Amino acid sequence: MTTRDAVTDIPPQYDPALDAARYAEWERAGLFHAVEERSERVGGERRPFVIVMPPPNVTGVLHMGHGLNNTVQDVLVRWRRMCGDETLWLPGTDHAGIATQNVVERQLAAEGKTRFDVGREAFVERTVRFVQETGGTILAQLRAIGASADWSRTAYTLSPDLSRAVREAFVRLYERGLIYRGHRVIHWCPRCLTSLSDEEAEFHEQSGQLYHIAYPVTRVHAAEDPRSIVIATTRPETMLGDVAVAVHPDDERYRDLVGRTVRLPIANIEIPIIADTYTDPSFGTGALKITPAHDANDFEVGQRHNLAMPVVIAANGEMGATGDDAPRVPPELVGLDRFVARERIVQRLRSLGFLVKVEPHHHAVRRCYRCNTIVEPRLSDQWFVRMRPLSEPALRAVRERRIRVLPERWEAVYVNWLEGIRDWNISRQLWWGHRIPVWYCDGCSHVSASRTDLTRCPDCGGSVRQDEDVLDTWFSSGLWPFSTLGWPDTTDDLKAFYPTDMLVTAPEILFFWVARMIMLGYAFMGETPFHTVYLHGTVRDTKHVRMQKSLGNGIDPLDVLQLYGADALRYTVISSMGLGADTILDPNDLERSFAPGRNFVTKLWNIGRFLLTNVGSESVEPLERIAPDRLTSSDRWILARLDAAIAACDAALGPARPHDGTWTEGELNAGLRLNEYTEAARTFVWNDLADWYVETSKVRLATPGPDRDVARTVLIHAFDQALRLLQPIVPFVTDALWQRLPGRAPNEYIAVAAWPTARRAGDGGGDFELVREVVTALRQLRGEYNVAPGRTLEAIVVPRDGAAGSLERERRTIERLARVSLQIGPAPASHGPAAHQVLSGGSEVIVPLEGVIDVAKECARLRAELMSLEKQLTGLTQRLANEQFISRAKPEIVAAERQKEGEWRTRSEQLRAKVLSLCGA
RNA sequence: GGGCGGAUAGCUCAGUUGGUUAGAGCGCCUGCCUUACACGCAGGAGGUCGUGGGUUCGAGUCCCUCUUCGCCCACCA
């Protein structure tokens with residue numbers, strides 16, 4: 001905004017429709033562009049401050065979760081930018097393997113096709129096109145909420161650069177022996193047709209049935225009594241894949257049966273009874289069916305006992321077996337969905353008499369985190385990352401305080417997870433993602449992991465084929481803090497900006513993403529990727545249900561922008577940002593949720609409106625040139641309040657980084673209290689600046705003379721500083737106002753203006769507190785006696801020692817704010833019925849109200865006040881008489897209590913005298 | 001099954017190491033369009049800090065019990 005509108009043209013509300021143009025101007029001015037040479041790590045002058053944005057899914061659209069996450073980051077980044085750091089907020093998107101593939105597959109399904117109908121190459125091409133069409137959406141939406149990211153560095157996990165980093169990372173881990181191919185039971189999604197990591201297979205509680213099934217023991221000779229072993233299972237369909245029944249070796253009930261066999265019903269084959277300590281004798285019947293191909297634990301038992309591992313459920317979740325195992329699945333069950341088959345098998349068992357009983361059973365089943373399908377444990381070949389060696393430095397980093405996790409309680413969760421970490425299945429049977437850079441030789445069966453595409457076997461020169469699978473999408477996001485800066489090359493960006501500083505995200509991806517970034521950061525960079533992990537809460541509705549599009553309880557941030565503007569959205573989100581606290585918003589009442597933000601923006605706007613119309617266009621002296629003795633008590637007061645507000649904001653935002661790479665005890669949990677920061681800035685602007693200082697200044701601004709200039713200077717200074725304090729939260733309205741302040745050059749932007757520092761000068765304006773007390777007391781009396789607003793009262797203030805002068809100087813302010821005609825001095829010898837108010841310092845306010853005052857009412861009011869005060873005083877006196885308190889409480893607390901007691905006593909005596917004179921006994 | 005967090009005004013939440021008469025926003029009541037703002041101003045009502053016990057001179061704050069809501073983790077079929 002280079003033109004300054006005539007003040008009369010300023011509308012009474014800020015118009016958020018102008019936000020987009022304003023943002024475009026910021027971007028044009030390059031305000032958010034970080035310059036690597038300025039980083040002190042490469043010889044520059046500035047400390048770097050870097051946040052890498054958690055990349056949203058490339059085809060995603062903005063929801064409130066993004067809104068919250070990115071607003072938090074933007075506030076931090078804007079704060080540090082004003083503090084003079086070379087600030088980089090690095091944005092980007094994630095190709096989001098399964099998620100994106102599922103979207104495109106749904107499109108295909110609408111055309112009646114599957115991905116197999118179109119083929120791998122065409123499918124990937126189509127997905128690339130889809131990403132090109134929709135990929136920019138969410139980044140544009142982030143601009144709309146004001147995100148001050150460095151868009152020139154926008155990254156994408158599937159870009160050529162980052163894909164090179166992914167391949168490099170894979171090969172290095174492979175070469176270090178940390179990646180291996182394993183044959184084992186993994187989580188399989190029969191809908192997505194891919195394996196999943198432990199984290200991607202989420203537990204969901206559900207009620208089901210526990211089926212008790214009798215497996216008849218094979219008789220040794222015809223005369224033997226028929227016996228059977230009863231096993232319990234929640235998944236009867238897997239029994240077709242059973243290869244044994246296991247009992248505990250010490251279990252007396254079955255000791256004689258170990259080594260014999262049972263006949264598996266339906267499949268009608270003989271399987272052995274084995275002893276294994278994995279079996280818990282106290283659960284159910286103490287006998288356990290072993291299905292190595294369809295249960296991870298059974299797999300281990302199977303390995304120990306060298307058992308066969310027949311697969312009886314196909315990849316798509318339908319019953320079926322191949323080869324020698326084919327006879328296990330009866331023809332009528334082949335091709336049935338696993339859950340249909342379950343019912344059939346149960347019916348069959350019942351009719352055959354093998355079903356002993358069915359019990360209701362509550363348990364947790366794993367579901368695919370992308371499509372919610374119940375995951376099927378499945379035996380297959382997958383690539384794994386050996387995690388133990390990687391987890392050690394990641395654990396040490398937190399234990400040795402090179403990384404802090406806020407809120408602190410998540411640190412224990414992080415540690416607990418890393419301590420029990422298991423190998424990470426990184427291969428996915430998908431088409432959308434980074435193809436695994438491994439080639440198999442057709443001739444010599446040599447396996448090569450390669451940085452470049454191979455066409456010939458490096459060993460024998462034979463033809464090769466690349467592994468069909470792609471990598472877990474979280475593998476590439478795990479490299480994000482350095483892959484986005486140019487790794488594996490040693491780029492200037494990497495030197496200037498790695499390690500980054502803070503990582504801001506939701507706790508739900510602590511394991512998926514944060515922990516892996518830390519592990520991979522150490523693995524490849526030898527250093528932590530960031531020193532602070534800030535985990536914020538979740539956006540929920542008023543029933544505390546997580547906001548989700550699919551649940552229909554979401555709020556579209558774009559609706560909020562439209563109705564109330566980006567600043568209102570940001571203010572609302574940040575002001576409720578208690579450390580780790582969830583944000584509750586009402587999707588059915590946007591007004592209620594976002595009005596506070598909008599109201600605050602309007603208030604700020606109108607302070608500016610007043611100021612610009614009243615300060616005038618003449619130049620304003622800078623505060624430094626105003627001699628201290630020209631400042632009034634109100635000036636000194638507001639400047640002291642400003643200092644306090646700055647200190648409170650600084651304390652709430654906290655240290656930006658640890659001093660020497662390690663967090664001290666005191667700093668570990670300090671800062672990032674965004675709600676406290678917001679509140680400190682808000683109360684200053686609204687309750688101090690607007691309610692008192694602006695009101696006080698009105699008289700001075702209307703009176704020509706040297707004091708008018710002082711008022712103009714202090715007003716402009718205080719407002720300027722307040723805007724700076726608020727810029728990170730409400731960047732649009734503060735920018736609009738700040739640019740219009742007198743003396744501002746056209747190309748100055750508050751986003752890169754200096755963060756305020758306290759002046760710590762002057763006496764703090766304590767005198768003005770008495771003025772405020774007098775005004776408040778008079779207003780209360782007006783209210784108490786229902787004095788008509790238009791009526792000017794006569795009022796007498798009897799000042800405490802030495803207070804007369806400052807009261808006299810603020811006479812017109814008091815008269816205006818309280819609508820009184822003021823007399824300052826000793827109490828008149830006599831006056832008619834009057835209302836009295838005794839103030840804290842011993843000053844007294846007397847309002848004679850002939851004809852209006854009700855003596856009885858005033859007596860009642862005074863008596864009530866006296867009683868209340870004396871009650872408090874009694875308590876206080878008792879406390880001060882208590883030797884235990886005197887000896888054990890901190891001296892400063894005792895001193896404060898003593899002083900308070902003195903004040904209260906004086907006040908109580910004065911009140912008592914008033915009561916006696918006005919009301920008699 | 002293990003662990004963690006919340007329960008404070010009608011609603012949504014602050015309340016740092018125990019120490020003034022427990023605060024804010026919204027809502028509510030009364031009165032005001034007082035020429036920056038009715039998205040506002042002034043005044044006001046409203047809380048036995050979930051329950052029961054304990055430690056302490058003193059507890060919303062520390063300890064234990066219970067109730068309740070939520071979250072994370074987990075190979076008991």
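Note that the coordinates shown come from a computational prediction; the quantities given were computed from them, not determined experimentally. Protein chains get the first letters and strands the later ones, always in sequence-line order, with residue 1 at the start of each.
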Check every strand shown and say whether [X] touches a base, only sugar-phosphate, or nothing at a heavy-atom separation below 4.0 Å.
X: A/R779; answer: sugar-phosphate
X: A/A788; answer: nothing
X: A/A595; answer: nothing
X: A/E205; answer: base
X: A/H212; answer: nothing
X: A/R898; answer: nothing
X: A/A232; answer: base
X: A/V694; answer: base
X: A/I584; answer: sugar-phosphate
X: A/R422; answer: sugar-phosphate
X: A/E695; answer: base
X: A/F203; answer: base
X: A/N882; answer: sugar-phosphate
X: A/R782; answer: nothing

Using both distances under 3.5 Å as the test, list the Watson-Crick or G-U wobble partner of [N], or none.
N: B/G40; value: B/C32
N: B/A45; value: none
N: B/C76; value: none
N: B/A24; value: B/U12
N: B/A7; value: B/U67

[atom1] gap between [N] and [M], integer Å:
N: B/C13; M: B/U8; atom1: C1'; value: 9 Å
N: B/A7; M: B/G50; atom1: C1'; value: 6 Å
N: B/G3; M: B/U17; atom1: C1'; value: 26 Å
N: B/C29; M: B/U48; atom1: C1'; value: 24 Å
N: B/U12; M: B/C28; atom1: C1'; value: 16 Å
N: B/G2; M: B/C66; atom1: P; value: 12 Å
N: B/G40; M: B/C4; atom1: P; value: 44 Å

Measuring from the side chain of [X] (C-beta onward, heavy atoms only), which nucleotide among [options] has the closest atom?
X: A/H361; options: B/A74, B/G70, B/A77; answer: B/A77
X: A/L869; options: B/A74, B/A77, B/U21; answer: B/U21
X: A/Q780; options: B/G43, B/C57, B/G40; answer: B/G43
X: A/P789; options: B/G31, B/A74, B/A36; answer: B/G31
X: A/A581; options: B/A14, B/C75, B/C57; answer: B/A14
X: A/N675; options: B/U21, B/C37, B/A14; answer: B/A14
X: A/F885; options: B/C57, B/C71, B/C41; answer: B/C57
X: A/V413; options: B/C72, B/G25, B/A74; answer: B/C72
X: A/F511; options: B/A36, B/A77, B/C72; answer: B/C72
X: A/W904; options: B/A77, B/U21, B/A36; answer: B/U21

Looking just at side-chain N and O atoms, do [X] and [Y] make a donor-acceptor pair shorter than 3.5 Å?
X: A/H187; Y: A/E200; answer: no
X: A/S575; Y: A/N675; answer: no
X: A/R879; Y: A/N882; answer: no
X: A/Q209; Y: A/R342; answer: no

Can a side chain N or O of [X] be found less than 4.0 Å away from OP1 or OP2 on [N]?
X: A/K890; N: B/U17; result: no
X: A/K900; N: B/G19; result: no
X: A/N599; N: B/G40; result: yes
X: A/W686; N: B/C39; result: no

Do [X] and [Y] come close enough that some side-chain heavy atom pair is under 4.5 Å?
X: A/L817; Y: A/K698; answer: no
X: A/E591; Y: A/R598; answer: yes
X: A/I886; Y: A/L880; answer: yes
X: A/L726; Y: A/I729; answer: yes

Atom [atom1] of [X] to atom [atom2] of [N]: distance rounded to whole Å?
X: A/R609; N: B/G40; atom1: CZ; atom2: C1'; answer: 12 Å
X: A/L672; N: B/U16; atom1: CG; atom2: C1'; answer: 15 Å
X: A/N687; N: B/G25; atom1: CG; atom2: P; answer: 7 Å
X: A/L418; N: B/G3; atom1: CG; atom2: P; answer: 20 Å
X: A/R409; N: B/G70; atom1: CZ; atom2: P; answer: 17 Å
X: A/M867; N: B/U21; atom1: CE; atom2: C1'; answer: 15 Å
X: A/E892; N: B/U20; atom1: CD; atom2: C1'; answer: 14 Å
X: A/N786; N: B/C32; atom1: CG; atom2: P; answer: 10 Å

Ignoring hydrogens and geometry, is there a side-chain-to-backbone donor-acceptor pair from A/T238 to A/H294 under 3.5 Å? no

For A/G671, is there any backbone N or O sitting under 3.5 Å from a side-chain donor or acceptor partner on A/R673? yes

Residues touching RNA chain B, which here means a heavy atom under 4.0 Å, drawn from residues 561-580 of chain A: none

What I want to check is whether an N or O donor and acceptor connect the side chain of A/R592 with the base of B/C11 at under 3.5 Å. yes

Take A/R404 and A/E667 through the salt bridge (charged side-chain N to carboxylate O under 4.0 Å, His left out) test and state the conclusion after the steps. CA-CA 10 Å; A/R404 60 173 184 168; A/E667 286 175 345; over 6 Å; no

With a 6.0 Å cut-off on ring centres, are A/F732 and A/Y14 close enough? no

